[in-house]
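Quick notes on the structure that follows.
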Amino acid sequence: MKFNIKKFKRDGYFIIKNIIKPSKIKKFNQEISQITKIISKENKSSSKKFAEAFENSKKRSIFYNLMQNTKIVREITNDINFYFEKNKIYNLLNFKIPSITNALIISLPGETKNLNPLHQDIYNFFSFNFFKIWIPMTKVDEKHGSMEMFKGSNALGYIKPKFINKYCTYPEIDKKIVKNYKSEILKLHPGSVVLFDPLIIHRSLKNKSNKVRFNIGIDIQDIKSTGDQSVIDQMIKVRKERKSRREALIS
């Protein structure tokens, strides 16, 4: 499906199907299998399931950080960049010099501690010309975990979130704000990508299946940043408070 900039700006997100080649999805799965063997060996176990090996690892945070930038994650990020250049999407979005970062999101079966409540993606927000890409490397839906997007809520602009639960490091946006917005739970197979405005209000859905959900996240921001710096300063304050809360809970 060809990128529709009007729909993207109206809804706050746009889905393009079948961008990622099956060979890259296969390569990703092979890499996860190799990582599982490494973690299992580290744990001195014979587990062949990533969820079991990863969850029980004493070095879980170390493995998680190292997995953010593996070879296949970088390859897929480069493929996305090439696709955007080839299809002139950067031009349509008035980008001058794109700055690209990537990450790997891991959602274990039944795990809830890393679920994000209603929020906007403000934690890496440095340019007002900014969009995010969410790539399911496994099936996503209500059962396997996904995202729920509130259509058009990006038009509200930045909304300061509140820290409601003292045991949760994620601030959240009041659900009353989105009561008049229609939502969509993303239901996709590997190969599709979701472009979205970081200011669209959305939330994570729990993985209720018995399989690990993997997603690649990519931030693309323009070096030429125009907009109200005081808004970004507000986001930075929220980032700092979140960091201090996380450190307090860990200690």
Side-chain angles (χ1 to χ4, degrees), residues 1-29 31 68-107 116 119-121 124-125 127-155 181-205 213-222:
M1 182 185 295
K2 188 177 179 181
F3 177 64
N4 185 327
I5 190 168
K6 288 184 179 179
K7 192 173 189 305
F8 171 71
K9 289 186 175 181
R10 183 189 70 220
D11 293 344
Y13 66 102
F14 189 81
I15 299 167
I16 306 178
K17 295 185 177 181
N18 303 318
I19 290 184
I20 310 302
K21 295 178 180 178
S23 60
K24 292 296 173 74
I25 296 167
K26 182 179 179 181
K27 191 172 180 180
F28 176 85
N29 291 329
E31 197 165 82
Q68 298 303 302
N69 204 31
T70 60
K71 184 179 179 182
I72 187 59
V73 171
R74 286 187 283 110
E75 281 184 19
I76 290 171
T77 301
N78 289 336
D79 289 346
I80 291 294
N81 180 50
F82 177 77
Y83 179 91
F84 275 65
E85 287 181 341
K86 181 180 176 181
N87 291 278
K88 302 187 184 302
I89 294 176
Y90 288 132
N91 293 340
L92 288 170
L93 295 171
N94 296 314
F95 268 65
K96 299 299 180 185
I97 302 177
S99 173
I100 305 169
T101 55
N102 56 253
L104 181 66
I105 304 156
I106 302 170
S107 177
N116 224 324
H119 69 286
Q120 297 170 311
D121 280 357
N124 294 311
F125 198 114
S127 171
F128 284 92
N129 206 8
F130 177 12
F131 65 92
K132 297 183 72 77
I133 298 174
W134 193 71
I135 308 170
M137 298 306 295
T138 51
K139 186 178 182 180
V140 296
D141 55 24
E142 288 176 272
K143 180 180 177 181
H144 296 84
S146 188
M147 287 200 301
E148 182 177 16
M149 315 291 282
F150 289 83
K151 291 185 177 182
S153 59
N154 54 304
Y181 288 88
K182 292 182 179 179
S183 71
E184 179 183 4
I185 294 173
L186 301 179
K187 300 173 184 177
L188 300 167
H189 289 278
S192 299
V193 304
V194 183
L195 285 73
F196 68 97
D197 185 328
L199 293 184
I200 191 172
I201 300 173
H202 58 292
R203 69 184 181 100
S204 306
L205 294 184
R213 174 169 65 86
F214 292 101
N215 300 88
I216 293 174
I218 302 173
D219 290 357
I220 303 184
Q221 305 190 56
D222 195 352

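Side chains included, hydrogens not; waters and symmetry mates left out as well; all remaining heavy atoms used.
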side-chain contact (heavy atoms from CB on, under 4.5 Å) between Phe84 and Leu92: does it pass, once the steps are laid out? CA-CA 10 Å; Phe84 275 65; Leu92 288 170; over 6 Å; no
Verdict with supporting geometry, Ile72 and Lys24, side-chain contact (heavy atoms from CB on, under 4.5 Å): CA-CA 7 Å; Ile72 187 59; Lys24 292 296 173 74; 3.9 Å; yes
Closest approach of [X] and [Y], non-hydrogen atoms and distance?
X	Y	value
Pro198	Phe131	CD-CA, 4.0 Å
Gln221	Phe95	C-CE2, 3.4 Å
Val140	Arg213	CG1-CD, 3.5 Å
Ser146	Leu186	OG-O, 2.6 Å

List the steps, then state whether side-chain contact (heavy atoms from CB on, under 4.5 Å) holds for Glu184 with Tyr13. CA-CA 11 Å; Glu184 179 183 4; Tyr13 66 102; 2.5 Å; yes
Indicate the ring-plane relationship of Phe214 and Phe28, choosing parallel, tilted or perpendicular according to the 30° and 60° boundaries.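 Rings of Phe214 and Phe28: perpendicular, over 60°.
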Looking at side-chain heavy atoms only, is the closest gap between Lys71 and Glu75 below 4.5 Å?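 SC-SC contact between Lys71 and Glu75 confirmed.
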Name the residue from Leu188, Ile133, Asn18, Ile218 that meets the side-chain contact (heavy atoms from CB on, under 4.5 Å) definition with Val193.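 Single pass found, and it is Ile133.
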Would you say the side-chain atoms of Gln120 pair up with the backbone N or O of Ile200, donor to acceptor, closer than 3.5 Å?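 Absent.
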Test side-chain contact (heavy atoms from CB on, under 4.5 Å) applied to Asn69 and Asn102, step by step: CA-CA 7 Å; Asn69 204 31; Asn102 56 253; 3.3 Å; yes
